[in-house]
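Scroll down for the structure; my scribbles are underneath it.
This structure is a prediction, so every number in the text was calculated from the model and none was measured.
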Amino acid sequence: MTAPETLDGWFALHDIRTVDWRAWQALDPSERAALAGEAASLLAGWQAVNGTGRGSSGLFRIIGHKGDLLFLHFRPSVGELAELERAFETTRFAAFTERRTSFLSVVELSRHGAPPLPEGVDPAENPVLARRLRPDIPDKSHVCFYPMNKRRGETVNWFTLPTEERRELMRGHGQVGHRYAGRVVQIITGAMGLDDWEWGVTLFTDDPLDFKKLVYEMRFDPASALYAEFGPFFVGMRLEPAGLVEYLSAERSAT
Amino acid sequence: MTAPETLDGWFALHDIRTVDWRAWQALDPSERAALAGEAASLLAGWQAVNGTGRGSSGLFRIIGHKGDLLFLHFRPSVGELAELERAFETTRFAAFTERRTSFLSVVELSRHGAPPLPEGVDPAENPVLARRLRPDIPDKSHVCFYPMNKRRGETVNWFTLPTEERRELMRGHGQVGHRYAGRVVQIITGAMGLDDWEWGVTLFTDDPLDFKKLVYEMRFDPASALYAEFGPFFVGMRLEPAGLVEYLSAERSAT
Amino acid sequence: MTAPETLDGWFALHDIRTVDWRAWQALDPSERAALAGEAASLLAGWQAVNGTGRGSSGLFRIIGHKGDLLFLHFRPSVGELAELERAFETTRFAAFTERRTSFLSVVELSRHGAPPLPEGVDPAENPVLARRLRPDIPDKSHVCFYPMNKRRGETVNWFTLPTEERRELMRGHGQVGHRYAGRVVQIITGAMGLDDWEWGVTLFTDDPLDFKKLVYEMRFDPASALYAEFGPFFVGMRLEPAGLVEYLSAERSAT
Amino acid sequence: MTAPETLDGWFALHDIRTVDWRAWQALDPSERAALAGEAASLLAGWQAVNGTGRGSSGLFRIIGHKGDLLFLHFRPSVGELAELERAFETTRFAAFTERRTSFLSVVELSRHGAPPLPEGVDPAENPVLARRLRPDIPDKSHVCFYPMNKRRGETVNWFTLPTEERRELMRGHGQVGHRYAGRVVQIITGAMGLDDWEWGVTLFTDDPLDFKKLVYEMRFDPASALYAEFGPFFVGMRLEPAGLVEYLSAERSAT
Amino acid sequence: MTAPETLDGWFALHDIRTVDWRAWQALDPSERAALAGEAASLLAGWQAVNGTGRGSSGLFRIIGHKGDLLFLHFRPSVGELAELERAFETTRFAAFTERRTSFLSVVELSRHGAPPLPEGVDPAENPVLARRLRPDIPDKSHVCFYPMNKRRGETVNWFTLPTEERRELMRGHGQVGHRYAGRVVQIITGAMGLDDWEWGVTLFTDDPLDFKKLVYEMRFDPASALYAEFGPFFVGMRLEPAGLVEYLSAERSAT
């Protein structure tokens with residue numbers, strides 16, 4: 001009763017919020033500091049699971065009007081993700097934010113790219129696979145997140161291709177990604193039956209020009225050129241709890 | 001004067017609302033408790049019809065920004081659904097919510113999959129069919145709801161297929177669903193002439209990974225691969241009245 | 001200088017509004033009653049033209065999030081419709097509503113289906129046609145309104161079909177409608193040059209399951225299967241002035 | 001360095017606003033009168049240029065939810081249009097309005113339909129062309145505005161047609177318009193590089209049924225049937241300054 | 001590890017905001033002057049980098065409802081752009097604005113059009129290329145910005161064309177642009193992996209009719225006619241700090 005071509009890991013929630021800067025900047029600095037501290041301590045609490053095998057959480061500040069903050073959570077169950085989302089609303093800082101978008105999915109490894117396993121071995125017990133199915137958020141400064149579909153056009157339709165052809169296309173596609181190994185970490189999550197797009201791609205790097213280079217190169221790869229449909233792109237920079245306080249506390253510098 | 005290929009049962013309303021957490025959390029806890037209790041007692045009243053053959057109602061908390069609460073109602077008439085929708089607005093809790101989306105439809109069974117009935121028998125008097133036409137909300141912890149259309153493309157068009165070909169495709173499609181029998185309960189509702197999509201699919205399971213597996217598998221089935229167009233997906237967890245109070249009463253834990 | 005294939009009657013305005021229930025329920029009951037009474041008397045005034053040949057008006061409560069109230073007006077001129085729309089805004093009740101959508105069109109009869117007229121006869125003087133060109137709102141409890149276009153695809157294009165083929169398709173299409181004669185009343189309005197869709201379809205019945213059956217059946221008719229594109233569907237129930245007062249005055253029942 | 005197939009005249013701004021009737025009707029009548037008078041005097045000032053060759057301005061009340069007021073301005077430069085838009089915001093009435101849509105374009109005459117000019121003559125000095133390039137707003141009671149594109153489909157693509165074929169199609173298209181000469185005045189503006197659609201069509205008539213008849217007839221013309229894509233349609237009625245005051249001053253009549 | 005066909009320069013942020021004129025005009029003139037002065041001094045500070053090789057910034061007032069202000073920034077890193085965006089929110093003027101859209105991209109030169117470089121030379125050290133990769137905002141009065149994609153249709157697909165064919169198409173495309181050299185300055189930025197469109201085009205001229213002529217002419221060029229998909233167009237006029245104060249300080253003139 002398993003989807004035939006994937007391994008599934010932790011559930012993932014991308015929770016993107018805007019800050020109501022007008023109201024936030026109208027607070028007096030001491031109240032702002034108190035609320036920012038409270039938000040930072042919530043984040044620190046969430047991040048305490050990182051590395052424990054019980055999940056991982058991270059925060060990114062988004063560039064542009066599509067959002068200000070991206071909370072990224074990986075957890076074993078949907079229920080835990082629902083609790084994180086609800087818990088945020090109990091902070092006083094939350095009253096200065098609005099949810100703009102979100103994405104519920106599950107970490108997914110294609111069996112195509114996986115090393116062959118001996119019969120009877122649970123893939124989740126293979127340590128390499130296990131780390132990829134239950135990922136820590138990589139230690140990189142920049143994030144790029146976008147959802148995507150495979151095309152189901154009237155003549156160009158991913159879902160009517162023979163399995164072997166899809167496999168071949170994904171192999172070529174993977175090779176592009178491998179050329180960025182080390183520089184760019186990629187987490188693929190599947191969202192069929194969970195959210196409005198079929199997959200989420202979350203990329204991590206220290207040099208955001210890599211996002212452009214990697215996506216540019218992939219777009220000419222047949223798997224993308226013919227079959228990919230892309231949703232909105234979100235680019236952000238990692239914020240640790242102290243960075244969140246600093247970000248929220250910015251004051252107008254004298255000029 | 002019956003649509004030729006379906007049996008129609010109870011009308012259904014999927015009523016999805018967001019909570020204005022900013023305003024809600026600004027209430028003092030005792031007022032919050034009072035309003036939550038009032039909402040819970042309304043829900044309990046609605047659920048009192050469950051199992052009586054006069055309808056069924058249930059509540060789910062939604063994950064992500066697309067909504068917070070999904071009220072799901074089945075009733076014999078559109079008028080009763082309209083009253084439920086209006087009644088909710090009379091609660092004080094309703095002032096802290098906003099309707100985001102809704103879906104009006106009617107439980108629909110395809111005659112394709114139905115066991116043959118002797119001539120002159122009213123299908124609604126066959127007990128198995130009757131239970132499916134006037135469904136209780138299944139006793140499962142997770143829900144997935146999405147609306148869908150069949151494609152009417154310029155070359156790939158469900159509505160110009162010969163009846164027998166549509167029947168054959170739906171048969172294959174149904175077989176995928178049957179592999180999840182017991183684990184996943186599926187209620188199909190038809191919305192032509194009632195709402196913006198042609199059908200609604202509401203799935204119930206205790207393991208939300210089933211949503212992904214089932215939808216993933218179906219997407220390669222020709223009936224979906226060629227002909228299905230999907231709307232937004234909503235995933236939620238069942239809330240009984242007591243759970244609603246707990247959900248609404250969450251306080252910031254010390255960290 | 002007449003569009004070649006239609007007869008045009010009264011102009012029509014579908015004016016759909018949501019109620020701000022949060023603000024409305026916050027009024028004290030006596031003020032609510034006063035404002036509801038004022039709105040009801042405006043409606044009664046509008047409906048006073050019904051049957052006089054000077055127009056017709058009706059009100060429906062909509063199910064779901066797409067609106068709460070549908071004001072439907074037929075009048076001889078655009079200017080009168082504009083005055084009705086503006087007059088509503090002068091009521092105190094209007095301040096608790098928001099316009100969500102609207103549709104400006106003109107009652108349209110296809111010459112295809114019309115009985116042949118002797119030369120030189122003004123179709124508007126044929127009593128049967130005249131009643132259909134200047135319609136009273138039918139005495140049915142439920143309404144279904146949706147706008148639609150005919151497809152102008154790259155290969156499937158209604159507007160490049162030979163006249164005779166369009167005529168033949170519409171004839172078959174009309175036969176589906178005729179099977180519901182007596183049960184479902186249908187008013188077709190044309191909106192080219194007036195609004196964003198080409199036609200509006202407004203159906204009236206006492207049994208809303210008819211909306212599903214009729215639209216379902218038509219969707220397999222070639223005129224729809226190949227050429228129709230549908231906008232949003234609105235389903236509602238008739239409200240007379242007294243019913244509007246009752247609808248607006250609902251109080252939370254004890255549980 | 002001129003676009004090869006058009007002559008360009010005045011810049012045009014279609015500025016469409018809704019009125020916040022809730023707030024407006026809450027003003028006391030004397031304040032409403034004062035603000036309406038101020039808005040009317042601004043309009044009168046703008047219209048003072050009409051007929052002087054320095055531009056033209058007009059106001060229309062829109063039917064339906066897509067807007068309440070359409071300010072239509074023709075001026076020699078983009079900068080003047082920007083000043084008009086900004087000037088409106090300085091009125092106290094503006095605080096009761098919201099910009100819903102706008103369209104920046106430039107009056108455009110196709111060389112196809114223009115009479116041949118002797119070599120070396122500046123078309124703008126031909127008096128007939130000059131009047132059409134720098135148009136007064138016609139003295140008609142009703143307006144219809146819609147933006148449009150020419151299709152760039154995968155197989156049906158206006159922009160890959162041979163010039164002569166486009167010319168021929170536009171000639172046939174023009175003939176439909178000529179049948180309405182005298183009754184319907186048409187101003188075509190081009191918006192490539194200026195706004196989101198390629199052209200704007202603004203029609204003026206005393207009988208709004210003409211909008212339907214003209215657009216209906218054109219839709220079967222090959223230039224439209226194959227190649228036109230239409231944006232939203234806005235229909236309105238002319239308001240002179242005194243009419244604006246009356247429109248804004250409407251009170252609830254006793255019933 | 002470089003995308004094969006482009007050179008990448010500074011990162012770019014197009015930050016488009018609307019002004020809440022209702023609230024702004026409600027301030028008393030002295031407070032308005034103070035806040036406008038503060039915003040102008042922030043802008044002046046940003047523009048202080050112009051010509052220093054550390055970035056460039058400029059401000060434009062937008063015509064129409066899609067925005068009021070376009071802040072355009074070029075900087076060496078995404079982090080610097082994020083800081084500029086955040087810094088604006090610390091001004092008191094920011095509380096009177098709302099972010100409507102934005103575009104994150106990176107200056108991109110196609111290698112097709114670039115002069116051949118000797119082996120081993122870093123293109124960024126070629127002075128002509130360097131100026132184009134790290135551009136000053138041109139000294140022109142009008143701006144036009146629009147995002148675009150190359151089509152990935154089912155049969156017409158830019159990304160499956162042979163490299164040589166794409167190169168040839170871009171060469172022809174470039175020649176149109178070259179005819180406007182001197183009059184129109186064009187900056188192309190790439191946004192794959194960074195934002196929702198693949199490219200941004202920002203044009204600068206003293207005569208905004210050039211935007212129409214250039215885009216009109218290009219639309220018939222095969223690279224555009226077949227392969228271009230255009231997003232929204234924004235047209236604006238340059239504001240220096242003093243101009244911003246004047247723009248924000250406009251008072252209702254007596255009439």
*Taking all non-hydrogen atoms of both residues into account, name the closest pair between D/Arg75 and D/Arg54 and its distance.*
CD-O, 3.7 Å

*Check whether D/Asn157 gets within reach of chain E through its side chain, its backbone, both or neither, counting any heavy atom under 4.5 Å.*
side chain

_CA sep, side-chain torsions, deciding dist, call: E/Asp210, E/Lys212, side chain to side chain contact (heavy atoms under 4.5 Å, CB included)_ = CA-CA 5 Å; E/Asp210 285 342; E/Lys212 176 170 183 273; over 6 Å; no

*asked:* Please classify the contact between E/Tyr146 and chain D as side chain, backbone, both or neither, with a heavy-atom cut-off of under 4.5 Å.
replied: neither

_Test salt bridge (Lys or Arg N to Asp or Glu O under 4.0 Å) on E/Glu229 and E/Arg152; report intermediate values, then the result._
CA-CA 10 Å; E/Glu229 294 177 341; E/Arg152 300 191 304 129; over 6 Å; no

*asked:* If you count heavy-atom pairs within less than 4.5 Å of chain D, which of E/Arg22, E/Met237, E/Arg61 leads?
replied: E/Arg22

*asked:* Is D/Ser105 in contact with chain E via its backbone, its side chain, both, or neither, using a 4.5 Å heavy-atom distance?
replied: neither

*Could you tell me whether the side chains of E/His14 and E/Thr202 share a donor-acceptor contact shorter than 3.5 Å?*
yes

*Can you say whether D/Leu104 sits under 4.5 Å from chain E via the side chain, the backbone, both, or neither, judging by heavy atoms?*
side chain

_Structural part of D/Arg17 lying under 4.5 Å from a heavy atom of chain E_ = neither

*With a 4.5 Å cut-off on heavy-atom pairs, point out which of D/Leu161, D/Thr155, D/Thr101 contacts chain E the most.*
D/Thr101

*Is there a donor in the side chain of E/Tyr216 and an acceptor in the side chain of D/Glu198, or the other way round, less than 3.5 Å apart?*
no

*List for me each residue that meets ring pair (Phe, Tyr, Trp, His ring centres under 6.0 Å) alongside D/Phe234, sequence neighbours excluded, and say none if there are none.*
none

_Let's test your reading of the structure: which of E/Gly236, E/Ala228, E/Ala26 forms the most heavy-atom pairs below 4.5 Å with chain D?_
E/Ala228

*Measure the spacing between OG of E/Ser102 and CD1 of E/Ile16 and express it to the nearest 0.5 Å.*
8.5 Å

*Which atoms of E/Leu203 approach chain D - backbone, side chain, both or neither, heavy atom under 4.5 Å*: neither

*Start with the C-alpha distance between D/Ser30 and D/Asp28, add both sets of side-chain angles, then the distance that settles side-chain hydrogen bond (donor to acceptor under 3.5 Å, both in side chains), and finish with yes or no.*
CA-CA 6 Å; D/Ser30 68; D/Asp28 68 55; 2.8 Å; yes

*Can you say whether D/Ala82 sits under 4.5 Å from chain E via the side chain, the backbone, both, or neither, judging by heavy atoms?*
both

_chain E contact via D/Phe88 - side chain, backbone, both or neither, heavy atoms under 4.5 Å_ = neither

_Portion of E/Asp20 that has a non-hydrogen atom of chain D nearer than 4.5 angstrom_ = neither

_Heavy-atom proximity to chain E below 4.5 Å, by part of D/Glu98_ = neither

*For D/Glu89, is it the side chain, the backbone, both or neither that has a heavy atom under 4.5 Å from a heavy atom of chain E?*
both

_If I measure from the heavy atoms of chain D, does E/Glu154 come under 4.5 Å with its side chain, its backbone, both, or neither?_
both

*Between E/Ile62, E/Val201, E/Val19, E/Leu209, which residue shows the highest count of heavy-atom pairs closer than 4.5 Å to chain D?*
E/Leu209

*Which of these passes ring pair (Phe, Tyr, Trp, His ring centres under 6.0 Å) with D/His73: D/Phe11, D/Trp46, D/Phe103?*
D/Trp46

_Parallel, tilted or perpendicular, judged at 30° and 60°: which one describes the rings of D/Phe233 and D/Phe230?_
tilted

